[in-house]
Participant: 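Attaching a single structure in structure tokens format; questions to follow.
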There are 2 protein chains.
Amino acid sequence: MPRAGLTPTLVAEEAARLSDEEGFHSLSLAAVAKRLKVATPSLYKHVDGLAGLRREVALLGANGLGERIQRAAVGRSGPDALRSTAEAYRRYAHEHPGRYTALQRLPLLAGAEPVLTADPVRVLAEVLRGFGLPEDQLVHAIRALRSALHGFVDVEAHGGFGLPEDVDETYALLVEGLVRALRQWPGSAGRTNDGTEP
Amino acid sequence: MPRAGLTPTLVAEEAARLSDEEGFHSLSLAAVAKRLKVATPSLYKHVDGLAGLRREVALLGANGLGERIQRAAVGRSGPDALRSTAEAYRRYAHEHPGRYTALQRLPLLAGAEPVLTADPVRVLAEVLRGFGLPEDQLVHAIRALRSALHGFVDVEAHGGFGLPEDVDETYALLVEGLVRALRQWPGSAGRTNDGTEP
DNA sequence: GCCTTAAAGCTAATGCCATTAGCCAAGCGG
DNA sequence: CCGCTTGGCTAATGGCATTAGCTTTAAGGC
């Protein structure tokens with residue numbers, strides 16, 4: 001019988017696909033093993049149990065999200081960059097719901113901070129550059145931005161927006177609210193171009 | 001041997017306590033049964049399996065959160081009501097993390113919408129009354145407000161704010177950002193008193 | 001005060017999953 | 001061609017949810 005030829009990367013990627021397709025709650029060693037046509041215990045040669053598998057999916061999610069919003073921000077600045085980034089953020093969460101869910105728990109998984117080739121938080125920090133915030137407000141502003149984007153995406157993913165009103169429109173309004181809030185952030189240098197005028 | 005004297009309510013409340021103390025992920029029929037000094041299958045006489053148990057905890061969470069923020073808002077209006085409500089919202093999530101986590105999944109648990117004695121979303125809607133928003137913007141504003149509050153609390157609960165900067169201060173700044181964003185909401189009647197002046 | 005009876009709580013049994021131990025063979029390096 | 005690393009396997013254990021079916025409690029009618 002020929003070998004299956006698994007690697008840690010192959011296993012993690014299959015797990016991520018499964019998470020996206022069936023939901024993060026459906027991620028199990030047994031399910032991944034079945035997809036790879038392999039017995040469950042075989043996976044232990046490549047990943048560190050279920051906890052390790054989840055961690056790998058979370059890492060793929062963090063890097064994937066980071067790369068996506070990075071690409072969305074490149075060549076833009078200020079409100080314009082924020083709008084583009086916010087759009088990419090939500091789109092990634094829609095396209096990779098399992099990875100996105102996994103990503104949330106990453107901070108709690110203590111241990112040596114592993115290789116994040118593209119840290120989403122760092123990208124958001126760069127996006128906020130163009131808003132002229134004082135140095136000591138940057139961390140607070142990043143946190144607020146993360147909260148708003150994640151909160152929307154999370155509520156949406158849980159079916160929390162039940163009314164018929166257009167959810168895309170709500171998101172656009174939320175992002176514009178963020179732009180306004182950031183332009184008038186305490187201690188800010190003042191108004192920045194809102195990106196809707198030349 | 002005398003009976004244990006369980007009721008659906010008693011079981012649900014013990015489950016909620018366990019969720020808060022050990023984390024929602026630790027909620028299981030076996031764990032609840034052990035706390036109540038009862039065999040696991042006995043619980044099926046009072047709740048509809050694990051899914052039902054989670055649903056009950058979610059309901060306790062929704063009602064608890066609703067009551068808390070309701071009380072915080074009473075007698076206040078506009079930005080003042082928003083600040084008080086936001087504070088109560090976060091405090092509830094801190095004090096009842098298990099219930100709060102359960103609550104998120106409530107919308108997905110399809111079926112007959114059950115008795116919500118105090119719907120948190122309705123309370124938020126009333127809080128937004130004082131901001132003079134046009135009728136057709138109310139739903140969008142409520143969604144934005146929910147997103148921001150939940151997002152912050154959720155990131156915080158997952159240990160997402162790793163830097164040493166004061167998290168309470170970030171929350172206060174986020175809430176002030178919301179106040180600004182809502183006062184200048186598209187189509188709004190204009191500025192409202194920001195609550196920091198008589 | 002008995003006796004019927006609905007229901008509370010139990011034990012036994014099944015099945016799924018994670019995890020560990022230990023076996024076996026594939027396939028690479030010499 | 002040979003040996004050794006290591007990928008993948010089977011077997012076994014233990015936790016959990018769930019169902020079936022039994023026993024006995026204790027409430028209410030008589």
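Below, all heavy atoms of this structure are taken into account, side chains as well, without hydrogens, waters or symmetry copies. Every chain is numbered from 1 and lettered A, B, ... according to where its sequence line falls, protein lines coming before strand lines.
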Participant: Tell me the interatomic distance from B:Leu50, atom CG, to D:dT19, atom P, rounded to whole angstroms.
Facilitator: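 Distance check: B:Leu50 CG to D:dT19 P gives 12 Å.
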Participant: Is it true that the NZ or CZ of A:Arg68 lies under 6.0 Å from the centre of A:Tyr92's six-membered ring and within 45 degrees of the ring axis?
Facilitator: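 Ring-cation test returns no.
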Participant: Among residues 38-46 of chain A, which contact DNA chain C at a heavy-atom distance under 4.0 Å?
Facilitator: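 By residue number: A:Thr40, A:Pro41, A:Tyr44.
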Participant: What pairs with A:Tyr100 under ring-ring contact (aromatic ring centres under 6.0 Å, His included), at least two apart in sequence or on another chain?
Facilitator: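 Partners of A:Tyr100 by the ring-ring contact (aromatic ring centres under 6.0 Å, His included) criterion, ordered by chain and then number, come out as A:Tyr89, A:His150.
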Participant: Remaining members of A:Leu60's ILVMFWY cluster at a side-chain heavy-atom cut-off under 4.5 Å?
Facilitator: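 The other cluster members (ILVMFWY side chains, heavy atoms under 4.5 Å, direct or chained): none.
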Participant: Whole-Å distance between C:dG9 C1' and B:Leu10 CG?
Facilitator: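 Spelled out: CG on B:Leu10 to C1' on C:dG9 is 15 Å.
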Participant: Could you tell me which non-hydrogen atom of B:Val57 sits nearest to which non-hydrogen atom of B:Gly98, and how far apart they are?
Facilitator: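 Residues B:Val57 and B:Gly98, closest heavy atoms: CG1-O, 4.4 Å.
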Participant: I need the CG-P distance between B:Asp48 and D:dA17, as an integer number of Å.
Facilitator: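 Roughly 14 Å, once rounded to whole Å.
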Participant: Starting at atom CG of A:Leu6, determine the distance to atom C1' of C:dA26, rounded to an integer number of angstrom.
Facilitator: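 Going from A:Leu6 (CG) to C:dA26 (C1'), I get 14 Å.
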Participant: I'd like to check the ring-ring contact (aromatic ring centres under 6.0 Å, His included) partners of A:His140; sequence neighbours left out, ordered by chain and number.
Facilitator: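 Not a single residue meets the ring-ring contact (aromatic ring centres under 6.0 Å, His included) criterion with A:His140.
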Participant: Looking at residues 19-37 of chain B, who's got a heavy atom less than 4.0 Å off DNA chain D?
Facilitator: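 By residue number: B:Ser28, B:Leu29, B:Ala30.
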Participant: Can you name the closest pair of heavy atoms from B:Thr85 and B:Ala73 and give their distance?
Facilitator: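 What the structure gives for the nearest pair is OG1-CB, 3.6 Å.
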Participant: Only counting residues at least two apart or in another chain, list the ones meeting ring-ring contact (aromatic ring centres under 6.0 Å, His included) with B:Tyr171.
Facilitator: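 Result, ring-ring contact (aromatic ring centres under 6.0 Å, His included) vs B:Tyr171: B:Phe152.
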Participant: I would like to know whether A:Glu126 and A:Arg129 meet salt bridge (Lys or Arg N to Asp or Glu O under 4.0 Å); could you show each step before the answer?
Facilitator: CA-CA 5 Å; A:Glu126 284 171 28; A:Arg129 281 262 187 77; 5.4 Å; no
